[in-house]
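Indexing begins at 1, ligand by ligand and atom by atom, following the structure's order. Values below: every heavy atom of this structure, side chains too, minus hydrogens, waters and symmetry copies.
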Amino acid sequence: MTLFERVFGGNDAVYGLTEAAVNNAIAQYGEGQAVSFPGTAYSLPCYYGVTGVKVETLGQLKEALGVVKGLMTRNNRLNDAFMSGVATALCAEFIEVLKYIGNDAPYEAPCYGHLPDAVVRSLGVPLVTGDIPGVPVILGTAPTADEAVALVKSYQSQGMLVTLVGGIIDQLQEKEYKTGDNVRVIPLGKDVTSVIHVVSVAVRAALIFGNIQPGDAAGLMKYTMERVPAFVNAFAPLDDVVVACGAGAIALGFPVITNEQENIFRVPKSLIVQPDVEKFNATSLEARDIKIKITNIDIPVSFASAFEGEIIRRPDMQVEVDGSRVDCFELVHTKEAAEIEDHKITVIGPEIDEIPVGSKISMSYTVDVAGKAMQPDFESVMERKFHSYLNCIEGVMHTGQRDMIRIRISKADFEAGFKFRHIGEVLYAKIKSEFEAVVDKCQVTIVVDAEKNKELRAAANAVFNKRDDRLKSMTDESVPVYYTCIMCQAFSPSHVCIVTPERLGLCGAVSWLDAKATNELDPTGPCQVVPKEHCIDEHLGRYEDVDAAVNKYSHGALEHVTLYSLFQDPMTSCGCFECICGVEPVSMGVVITCREHAGSTPLGMTFSEMASMTGGGVQTPGFMGHGKHFIASHKFIAAEGGPGRIVWMPKMLKDQMRDRLDKTAKEMYDVDNFTDMIADETICTDDPEQLLNYLSEVGHPVLSMEPFDM
Ligand code: SF4
Ligand code: ZN
């Protein structure tokens, strides 16, 4: 049988199953039954992306099936094979969505099934920075469970986001291998149709970040091919359905690597036979053109961003550094080059093997750096990275910062020979590689001694206080320049963030200091200086220089952007924003919600739905993505009256922002406990009248503001 016949055969088989399943569902629930995946604004994202039609009921799903049938032409063989692949994928999406009728969670642990929009958005930054260099989709059952583990681990240790479909999920369970989104190994489901859940992520990336218009199938496929670094590893034996799905993957630009050798033929760069599963990793990287940046770190356990979210539970813990009980801190300190011996790692006090298991200990680590281009302003930028560096060590968990850190080192690491000095090795290697443009010499001193740390901590706190004073004095007015960030252009080709001291990047990860450091480290990189010499309107935050910068870096897509307005040329959004605000017309206020909040808002929309109103680098007056910390800024929609316009936020976000927001509101409006005046889901969810009643009851400042000038 030829490959084409296998694709067509697989497609026909899936189509038949889908038709039967849809008819069955209609018989059971009726044509009016609503269908959608949960947590998405795109209903059936793949079908919507390809055709531009939003399917909302079973009746419409049946019509859509007719459209899919139309894709299943059998004339021009190569193109037809691709279209059959796409048709197969769409059928898979139909079969999967039926599982969600009357059941928001049809998948059981460890499988995930559908991944909500919030997950897609959270992947934006790690994908653009290359922190997640690729997305392997592993399908089927490996020759042995050991080979399954080895393959998954090989990708994981490169930081990849591994998705699994089929028998390999059981193989990992059999080996008690940890899976979950926190370790970047996501079992999607055991049926082959569950592969659509990763395709759905790729399609939504195009809609959310790429501003690809639904229905622009060609644009969609070009986007996924060029910008989504996914690829497929499919284990033999491949049945025709898998072959048909593979054709769909290839149509999206995702190469397929398989160890099947019979009845298959190779398509260069797209369908690759690699009989040796051990070589899947290398072959896949080459096919998808993924380069892994390696930092060699001399430690006895793995180091990869895939371990960043790993949790170490108490019974698995060898020792714990606990900054809430004993004196602990982490600090970067700039010194003269002569004072530093490069790569010197010193441990003062006992090593881990001299401490009883289960101890809570006092620890501090100070990283001394020197370099001609080093500036004390970069100390905090480096220090904030420690959290990620230490978490990337397999078997180590780090939380907190400054003098409120907590670190757990696992028993498994202890048994592998992990020592305190390895913390120093990690900090040294990462600082030297990531900050090589400013750090010429680096040494690390680790102190494991409660008495000494008490004294050292006091000195560290003096440094932290001084830094905070400097940060406080840094306002948009007090600095000479702003910065662009165009990191997200990898996914949102026309998006530009303008980063100022009082307005951080909308992802929440890039402050003005970060942007400044990035510019220093990589002068031709994503963060470029924006002068601020020609202010047109201070109130709106309109500058000739800002307009010129957005025009240049959006390649002409944008002409005007203001820094402080929600209505007049607001800043664009890429898609990875932490929060989104939108106008609430009844109270003339704004509603803010965040990725973590799944519920509705008084706009009658969830985060995903509000988020779908803007993105892809376009301006949408009335809706704007932003970082969490922008909420408490004096500059938050300052042109419209400032944070006093905020009328509703999820409770969790209120709690996170309370201290800073209360302080800002006191300064701006002279009101106390402003955060309590903001409604949340415990007060009202989607009723604007109820919201207004609450605002009147508490005397919310928005009530005395002018209506919006929309
Ligand atoms: Fe993307 Fe803006 Fe964050 Fe830069 S600051 S990473 S462009 S969201
Ligand atoms: Zn982004």
Side-chain angles (χ1 to χ4, degrees), residues 117-133 201-202 204-212 223 227-229 305 381 384-385 388 434 476 481-522 524-530 546 549-555 557-558 561-563 570-581 594-595 607-608 610-620 623-631 633 635-636:
D117 289 357
V119 171
V120 182
R121 291 177 184 278
S122 69
L123 291 174
V125 172
L127 281 168
V128 299
T129 56
D131 180 33
I132 296 179
V201 170
R204 278 176 287 163
L207 300 176
I208 289 174
F209 299 107
N211 197 29
I212 298 293
Y223 183 93
R227 298 178 192 269
V228 180
S305 49
V381 173
R384 267 201 308 130
K385 294 271 202 159
S388 149
E434 285 194 20
D476 287 4
V481 296
Y482 303 143
Y483 292 93
T484 61
C485 182
I486 55 163
M487 208 121 58
C488 284
Q489 285 195 356
F491 285 101
S492 271
S494 61
H495 172 70
V496 182
C497 275
I498 301 290
V499 182
T500 77
E502 291 175 88
R503 181 169 191 170
L504 79 171
L506 56 84
C507 56
V510 180
S511 71
W512 183 83
L513 274 183
D514 294 318
K516 182 177 177 212
T518 304
N519 175 262
E520 200 79 29
L521 294 169
D522 182 4
T524 58
C527 296
Q528 294 296 314
V529 172
V530 182
V546 169
V550 293
N551 200 335
K552 175 170 175 197
Y553 294 106
S554 72
H555 316 287
L558 281 170
V561 161
T562 64
L563 301 178
M571 207 177 284
T572 61
S573 305
C574 42
C576 62
F577 38 85
E578 288 185 299
C579 301
I580 180 156
C581 67
C594 57
R595 274 203 304 249
F607 174 83
S608 300
M610 279 173 73
S612 72
M613 304 294 292
T614 183
V618 291
Q619 287 174 316
T620 318
F623 285 96
M624 193 172 69
H626 56 86
K628 275 186 186 164
H629 287 295
F630 189 44
I631 295 171
S633 166
K635 297 298 197 300
F636 177 78

Please determine if the Zn ion (ligand 2) has an N/O/S atom from C574 lying under 2.8 Å away. yes

Checking contacts here: is it the side chain or the backbone of A515 that comes within 4.0 Å of ligand 1, counting heavy atoms only? Could be both or neither. neither

Return the residue, atom name and 0.1 Å-rounded distance of the protein heavy atom closest to atom 2 (Fe) of ligand 1. C497 SG, 2.4 Å

With no hydrogens and no angle check, is any side-chain donor or acceptor of T484 less than 3.5 Å from a backbone partner on V550? no

Is any N, O or S atom of C485 under 2.8 Å away from atom 4 (Fe) of ligand 1? yes

Considering only protein heavy atoms, which is closest to atom 1 (Fe) of ligand 1, and at what distance to one decimal place? C488 SG, 2.3 Å

Does some side-chain heavy atom of S305 sit less than 4.5 Å from a side-chain heavy atom of I132? no

Salt bridge or not between D476 and R503? Use side-chain N to carboxylate O under 4.0 Å. no

Does H495 bring an N, O or S atom to within less than 2.8 Å of atom 1 (Fe) of ligand 1? no

Given 3.5 Å as the limit, does a donor-acceptor pair link the side chain of E578 with the main chain of K628, or not? yes

Would you say the side chain of H626 lies within less than 4.5 Å of the side chain of I631, judging by non-hydrogen atoms? yes

Under 4.0 Å to a heavy atom of C574 - the qualifying atoms of ligand 1, by number: 8 (S)

With a 4.0 Å cut-off on heavy atoms, is A509 touching ligand 1? no

Got V381 and E520 here, is their nearest side-chain heavy-atom distance under 4.5 Å? no

Specify whether an N/O/S atom of H495 falls short of 2.8 Å from the Zn ion (ligand 2). no

Top protein contact for atom 3 (Fe) of ligand 1, by heavy-atom distance: C507 SG, 2.2 Å

M487 heavy atoms within 4.0 Å reach ligand 1 at atoms 4 (Fe), 6 (S), 7 (S)

Which ligand 1 atoms, with their elements, are less than 4.0 angstrom from a heavy-atom of L506? 8 (S)

May I ask you to list the atoms of ligand 1 that are less than 4.0 angstrom from any heavy atom of G505? 5 (S)

Only to 10 degrees, please: what angle do the SG atom of C488 and the SG atom of C576 make about the Zn ion (ligand 2)? 120°

Expected output: side-chain R595 to main-chain C576 donor-acceptor under 3.5 Å: yes

For the student: nearest non-hydrogen atoms of G505 and C497, plus distance: CA-SG, 4.3 Å

If you take all heavy atoms of V561 and V546, which pair is closest and at what distance? O-CG1, 3.8 Å

